Amino acid sequence: MADASPILLELNQLTKSYGSGKVALDGFDIAVRKGEFVSVIGSSGAGKSTMLRCINHLIEPTSGTIVFDGKDTTKVRGRELRRMRRRISMVFQNYNLVYRATAIENVLQGRLGYKSAIAGALGLYTEDEKRRAFEMLDHVGLADFAYTRTDQLSGGQKQRVGIARALVQDPLLILADEPIASLDPKSSRTVLELLRGAADKFGITCLVSLHQVEFAQEFSDRIVGLADGRAVFDGAPDALTSSIVSEIYGGDSEEGEQ
Ligand SMILES: Nc1ncnc2c1ncn2[C@@H]1O[C@H](COP(=O)(O)OP(=O)(O)O)[C@@H](O)[C@H]1O
Ligand SMILES: [Mg+2]
């Protein structure tokens with residue numbers, strides 16, 4: 001990743017308070033470059049999911065701005081929001097697959113943002129979309145499982161379907177919220193290698209929340225440490241000292257309170 005790559009995503013003083021009065025994100029700033037792989041680490045309750053969900057407007061921030069691909073998206077709605085969202089893929093801890101559907105059908109769902117509601121509902125995909133969906137399944141090592149129902153797959157395989165679905169969306173940005181939290185170490189590594197590959201081979205920016213500091217250090221260009229909705233660290237993996245790690249995880253978080 002070249003340092004001179006343009007900025008793809010910028011969050012300025014992003015704040016989110018929930019109705020309960022809880023300030024989940026407290027004036028968060030970050031600028032992420034095209035093709036950069038950034039990990040967000042922090043205890044449970046630090047605000048990682050809140051931050052990721054604000055970026056594609058699954059939830060609306062209370063204040064602050066979000067600039068994505070050169071556009072202030074803070075107030076986008078309707079068609080413009082749809083156009084923005086299709087260039088942002090999500091990868092989830094619980095995979096969010098349709099389990100009664102096959103792997104290839106799940107991957108094709110990554111194309112829904114490009115289709116009319118009717119074409120999507122009828123599953124009218126072009127030959128080109130089907131070919132690309134197969135290519136992506138092959139890319140994640142699951143070509144042989146294209147017609148397998150996803151409830152028959154292991155956790156690691158399910159997440160690889162999730163990544164193929166994310167890639168077929170042709171995203172500029174992948175937001176992955178604890179993508180390996182339910183996986184064993186070997187599957188975790190495979191999934192992180194695929195995400196790292198998306199950044200390196202396809203220039204896709206990856207913003208990945210992780211619990212495991214070691215994995216974050218191994219795979220990231222840059223690490224952001226969140227505690228209580230604030231960035232307490234933003235830097236290169238080798239600048240993350242053990243005292244900073246204790247600051248990130250020792251804060252006044254929900255885990256700390258329990
Ligand atoms: N929908 C919600 N309503 C009220 N509080 C919430 C909601 N979602 C998250 N929170 C609170 O916001 C804080 C940050 O949560 P979250 O973003 O899920 O953190 P993380 O992903 O780092 O575990 C926590 O205190 C959490 O309880
Ligand atoms: Mg979370």
Side-chain angles (χ1 to χ4, degrees), residues 9-30 32 37-66 68 73-74 81 85 88-97 155-156 158-159 162-163 165-166 173-185 187-188 191-192 195 205-217 219-220 222-235 237 240 244-258:
L9 173 74
E10 207 176 318
L11 310 181
N12 301 302
Q13 285 299 299
L14 202 68
T15 299
K16 173 67 184 178
S17 313
Y18 288 105
S20 55
K22 171 78 200 177
V23 181
L25 212 53
D26 191 4
F28 183 77
D29 292 308
I30 192 177
V32 186
F37 187 116
V38 179
S39 291
V40 182
I41 60 172
S43 310
S44 175
K48 304 181 295 296
S49 298
T50 298
M51 192 242 288
L52 295 173
R53 303 181 87 219
C54 281
I55 294 169
N56 71 350
H57 295 268
L58 281 172
I59 55 175
E60 293 305 324
T62 308
S63 63
T65 58
I66 300 167
F68 173 70
T73 71
T74 318
L81 177 60
R85 273 199 183 134
I88 302 179
S89 300
M90 295 281 293
V91 174
F92 304 89
Q93 174 179 350
N94 65 1
Y95 325 118
N96 273 32
L97 302 178
K158 284 177 179 138
Q159 194 58 294
I163 290 174
R165 178 182 59 191
L173 172 66
I174 292 177
L175 303 174
D177 196 359
E178 309 241 12
I180 60 169
S182 306
L183 301 180
D184 61 75
S187 304
S188 296
V191 162
L192 289 176
L195 289 172
T205 305
C206 293
L207 194 54
V208 182
S209 77
L210 291 172
H211 248 80
Q212 303 88 332
V213 179
E214 296 76 16
F215 276 131
Q217 283 178 307
F219 284 93
S220 312
R222 179 173 155 203
I223 296 175
V224 172
L226 258 188
D228 280 331
R230 292 193 199 94
V232 295
F233 176 80
D234 182 352
L240 186 72
I244 298 170
V245 170
S246 1
E247 191 189 345
I248 295 168
Y249 287 96
D252 183 21
S253 68
E254 285 173 354
E255 258 178 9
E257 286 161 16
Q258 277 157 14

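One-based numbering, in listed order, for ligands and for the atoms of each. Computed from a predicted structure; not experimentally measured.
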Engineer: Measure across H211 and S44 and return the closest heavy-atom pair with its distance rounded to 0.1 Å.
Structural biologist: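 Taking every non-hydrogen atom into account, NE2-N, 4.2 Å.
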Engineer: Heavy-atom pairs closer than 4.0 Å: do any link ligand 1 to the side chain of K22, the backbone, both, or neither?
Structural biologist: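 For K22, the contact with ligand 1 is made by the side chain alone.
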Engineer: So, do C54 and L14 sit near enough that their side-chain heavy atoms are less than 4.5 Å apart?
Structural biologist: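 Yes, their side chains come closer than 4.5 Å.
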Engineer: Do V40 and I30 make a side-chain contact, defined as non-hydrogen atoms from C-beta onward lying under 4.5 Å apart?
Structural biologist: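 Side-chain contact under 4.5 Å: no.
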Engineer: Within the structure provided, determine whether I55 and F68 are in side-chain contact (heavy-atom separation under 4.5 Å).
Structural biologist: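 Heavy-atom side-chain distance check fails, nothing below 4.5 Å.
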Engineer: Counting from 1, what ligand 1 atoms have a heavy atom of S43 closer than 4.0 Å?
Structural biologist: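 The atoms of ligand 1 under 4.0 Å from a heavy atom of S43 are 22 (O).
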Engineer: Rounded to the nearest 0.5 Å, what separation is found between the CG atom of L240 and the CG atom of D234?
Structural biologist: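 Interatomic distance, L240 CG to D234 CG, rounded to 0.5 Å: 11.0 Å.
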Engineer: Just go through L25, T50, V23 and tell me whose heavy atom is the nearest to atom 15 (O) of ligand 1.
Structural biologist: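 Closest candidate by heavy-atom distance is T50.
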Engineer: Do I41 and Y249 touch side chain to side chain, with heavy atoms closer than 4.5 Å?
Structural biologist: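 Counting from C-beta outward, I41 and Y249 do come under 4.5 Å.
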Engineer: State if G19 counts as touching ligand 1 under the rule of any non-hydrogen atom under 4.0 Å.
Structural biologist: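 It does not, in that no heavy atom of G19 comes within the 4.0 Å cut-off of ligand 1.
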Engineer: Closer than 2.8 Å to the Mg ion (ligand 2), do we get an N, O or S atom from S49, backbone or side chain?
Structural biologist: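 For S49, the answer is yes, given that an N, O or S atom comes within less than 2.8 Å of the Mg ion (ligand 2).
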Engineer: What are the atoms of ligand 1, with element, lying closer than 4.0 Å to any heavy atom of S44?
Structural biologist: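 Those atoms are 23 (O).
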Engineer: Hey, does G45 come in under 3.5 Å of ligand 1, counting only N/O atoms on both sides?
Structural biologist: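 Yes, there is a polar N/O contact under 3.5 Å.
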Engineer: Give the numbers and elements of all ligand 1 atoms closer than 4.0 Å to a heavy atom of A24.
Structural biologist: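 Going through ligand 1 atom by atom, the ones under 4.0 Å from A24 are 12 (O), 13 (C), 14 (C).
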Engineer: Would you check if the side chain of Q159 reaches a backbone N or O of P179 as a donor-acceptor pair within less than 3.5 Å?
Structural biologist: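 Yes, the answer is positive, given that a donor and an acceptor are paired below the 3.5 Å cut-off.
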Engineer: On a heavy-atom basis, I'd like to know which of S49, G42, S209 is closest to atom 18 (O) of ligand 1.
Structural biologist: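 Comparing heavy atoms across S49, G42, S209, the nearest one to atom 18 (O) of ligand 1 lies in S49.
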